[in-house]
Amino acid sequence: MERTFIMIKPDGVQRGLIGDIISRFETKGFSLVGMKFMSVSRELAEKHYGVHKERPFFGSLVDFITSSPVVAMVWEGDSVVTSARTLIGATNPITSAPGTIRGDYGVTIGRNIIHGSDAIETAQSEIALWFSEEELATWESCAKSWLY
Ligand code: RTP
Ligand code: MG
């Protein structure tokens with residue numbers, strides 16, 4: 001079953017959006033398999049956003065992610081990587097569609113509420129970076145397999 005890494009960024013936590021965001025993933029039909037509320041070290045933030053290290057916004061992005069706690073999560077389900085990106089919306093909240101998390105709550109690109117892995121391989125490396133195997137709980141839904 002496919003998994004993705006989702007992080008509610010410091011602005012999502014500060015604005016009280018944790019419950020709403022988790023609810024959107026649950027009601028869509030995905031299963032939570034890992035979650036922790038945590039402060040992020042510079043080392044972890046720099047590794048997580050390593051692909052952007054040459055970009056002009058890298059320093060301010062790392063400053064922001066380490067500024068206040070985040071909620072790190074792993075969600076599981078059919079095509080969850082792509083579906084999560086759809087639920088989240090485009091990077092710049094000014095153009096994210098209404099109904100998406102960023103489209104409903106965001107205004108500026110540097111404060112866009114939430115992160116989601118952008119591909120299956122990225123998801124695998126991000127899950128391994130943020131979680132140990134023991135922190136992930138695999139569970140069977142009591143619903144029938146045809147129910148989504
Ligand atoms: P994320 O990785 O956080 O889920 O966001 P994303 O895939 O939609 O966008 P990405 O290109 O990976 O950018 C990572 C984060 O960097 C900040 N950013 N600022 N021009 C800018 O100032 C700029 N561009 C990107 C955003 O907060 C973005 O989420
Ligand atoms: Mg990204």
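Numbering of ligands and ligand atoms starts at 1, following listing order.
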| query | According to the interplanar angle, ranging from 0 to 90°, do the rings of H48 and H115 count as parallel (below 30°), tilted (30 to 60°) or perpendicular (above 60°)? | reply |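 Judged by the thresholds at 30° and 60°, the geometry between H48 and H115 is perpendicular.
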| task | Kindly assign one of parallel, tilted or perpendicular to the pair F57 and H52, based on the angle between their ring planes and the thresholds 30° and 60°. | result |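 Answer is tilted, since the angle falls between 30° and 60°.
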Pair [X]-[Y], side-chain donor/acceptor within less than 3.5 Å:
X	Y	result
S79	E2	no
E126	S117	yes
D11	Y105	no
T91	R85	no

[X]: heavy atom below 4.0 Å from ligand 1, yes or no?
X	answer
Y49	yes
D118	no
M7	no

Just need the protein heavy atom nearest to [atom], so name the residue and atom and give the distance.
atom	result
atom 27 (O) of ligand 1	I109 O, 2.8 Å
atom 4 (O) of ligand 1	H115 ND1, 2.7 Å
atom 6 (P) of ligand 1	T91 OG1, 3.5 Å
atom 25 (C) of ligand 1	F57 CZ, 3.5 Å

Which atoms from ligand 1 have a heavy atom of [X] less than 4.0 Å away?
X	answer
N112	26 (C), 27 (O), 28 (C), 29 (O)
K9	3 (O), 27 (O), 29 (O)
L61	15 (C), 16 (O)
G116	4 (O)

| field | Whether over 12 other heavy atoms sit under 6.0 Å from K53 NZ | value |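 Count not over threshold, so no.
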| Below 6.0 angstrom between ring centroids: does that apply to F30 and W75? |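 No.
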Under-4.0 Å heavy-atom contact with ligand 1, by part of [X] that carries it:
X	value
H52	side chain
R85	side chain
R55	neither
R102	side chain

| message | Please evaluate residues D104 and R24 with respect to the criterion salt bridge (Lys or Arg N to Asp or Glu O under 4.0 Å), reporting the C-alpha separation (whole Å), side-chain torsions for both, the decisive distance (0.1 Å), and the verdict. | response | CA-CA 12 Å; D104 286 349; R24 288 177 186 231; 2.9 Å; yes
| query | Honestly, is K36 close enough over F131, meaning NZ or CZ under 6.0 Å from the six-membered ring centre and within 45° of the axis? | reply |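 Because its charged atom sits under 6.0 Å from the ring centre and within 45° of the axis, K36 does stack over F131.
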| request: Would you check the N or O atoms of G110, main chain and side chain alike, for any that come under 3.5 Å of an N or O of ligand 1? | output: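 No - when backbone and side-chain N and O of G110 are compared with those of ligand 1, no distance drops under 3.5 Å.
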